[in-house]
Amino acid sequence: MENILSSNKNFKCSVSSVLNKDTKQHGKQFLYDEQDDTAWSSNEGTPQYIHIEFEELQQISAFSFQFQGGFAAKDAKIEIQREDGTDNKTQYEQPFYAEDINALQTFQLKEPQANVKRVKFVFSSSTDFFGRIIVYNLRIFK
């Protein structure tokens with residue numbers, strides 16, 4: 001499967017927060033740099049999110065996360081907006097259930113999506129008592 005975040009650099013990424021506002025050490029750029037020793041770390045609080053907007057429409061069939069154990073998503077969902085929608089409303093939504101482990105975990109969409117403009121991962125709760133999320137790798141697949 002092709003990771004569209006590594007093969008396509010034409011996207012914008014935003015996150016809900018960064019630990020201590022220290023973007024040089026914990027920033028969003030570490031979500032998709034494919035390095036095992038860097039990570040995005042959120043601040044405390046819920047919900048946390050990752051929002052990606054593509055310049056060109058994409059097809060999505062799966063995604064994967066590598067969380068740090070103890071800081072994994074507990075109650076999470078993916079929201080997808082296609083270009084054919086109106087008013088920036090979510091047209092597809094699917095919950096996913098990550099394990100509280102360090103390993104890369106892959107999640108298949110029940111219905112592969114075409115013409116995707118925006119993807120948002122929403123973490124309503126975390127395995128961390130304070131609601132922090134730490135992600136070493138995020139991949140989105142065609």
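Only heavy atoms go into these numbers, but all of them, side chains included; no hydrogens, no water, no symmetry mates.
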From CA spacing to verdict: side-chain contact (heavy atoms from CB on, under 4.5 Å), Q81, V116: CA-CA 6 Å; Q81 295 176 5; V116 174; over 6 Å; no

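- Distance check, rounded to the nearest 0.5 Å: CG of D33 to CG of L138 gives 11.0 Å.
- Side chain of N102 to backbone of G69: a donor-acceptor contact under 3.5 angstrom is found.
- Within the structure, every pair that satisfies the ring pair (Phe, Tyr, Trp, His ring centres under 6.0 Å) test and touches residues 94-132, not counting sequence neighbours, is listed here: F63-F96, F63-F107, F63-F121, F65-F96, F65-F121, F65-F123, F96-F107.
- Of all heavy-atom pairs spanning N43 and S17, the tightest one is N-OG, 2.9 Å.
- The side-chain hydrogen bond (donor to acceptor under 3.5 Å, both in side chains) analysis of residues 123-140, with sequence neighbours excluded, yields the pairs D36-N137, Q66-N137, Q68-Y136, D100-T127, D128-R132.
- Under a hydrophobic-cluster definition in which Ile, Leu, Val, Met, Phe, Trp and Tyr are linked whenever side-chain heavy atoms come within less than 4.5 Å, directly or via other members, I134 and Y49 are assigned to different clusters.
- A donor-acceptor pair is defined here as one N or O able to donate and one able to accept, closer than 3.5 Å; such a pair exists between the side chain of Q91 and the backbone of R82.
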Test log, rule side-chain contact (heavy atoms from CB on, under 4.5 Å), inputs V119 and Q113: CA-CA 11 Å; V119 176; Q113 299 292 301; over 6 Å; no

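- N20 is not listed as a side-chain neighbour of H26, based on a closest heavy-atom distance of 4.5 Å or more.
- Q108 contributes no side-chain N or O that, together with a main-chain N or O of T106, makes up a donor-acceptor pair within less than 3.5 Å.
- Closest approach of G131 and T46 over heavy atoms only: CA-CG2, 4.0 Å.
- Within the 4.5 Å cutoff, the side chain of I80 has heavy atoms near those of the L109 side chain.
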CA sep, side-chain torsions, deciding dist, call: F71, S42, side-chain contact (heavy atoms from CB on, under 4.5 Å): CA-CA 10 Å; F71 298 89; S42 77; over 6 Å; no

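- To the nearest 0.5 Å, atom OH of residue Y92 and atom NZ of residue K77 are 13.0 Å apart.
- To the nearest 0.5 Å, atoms CZ (F141) and CD1 (I60) are separated by 11.5 Å.
- When hydrophobic clusters are built by joining Ile, Leu, Val, Met, Phe, Trp and Tyr residues whose side-chain heavy atoms come closer than 4.5 Å, directly or via intermediates, F30 is not grouped with V18.
- A donor-acceptor contact shorter than 3.5 Å is absent between the side chain of W40 and the backbone of L19.
- Residue R118 holds its CZ atom at 4.5 Å from CD of E53, rounded to the nearest 0.5 Å.
- Between the side chain of Q48 and the main chain of S41, no donor-acceptor pair closer than 3.5 Å is present.
- Taking SG of C13 as the reference point, atom CD1 of I52 lies at 5.0 Å (rounded to 0.5 Å).
- The local environment of CD in Q59 is sparse, with at most 12 non-hydrogen atoms from other residues, nucleotides or ligands closer than 6.0 Å.
- To the nearest 0.5 Å, the span separating NZ on K142 from CE on M1 amounts to 13.0 Å.
- Under a 3.5 Å cut-off, the side chain of K28 and the backbone N or O of V15 do not form any donor-acceptor pair.
- Under the 3.5 Å distance criterion, the side-chain polar atoms of E56 are left unmatched by any main-chain donor or acceptor of F54.
- Considering every non-hydrogen atom in both F67 and I133, the closest pair reads CE2-CG2, 3.9 Å.
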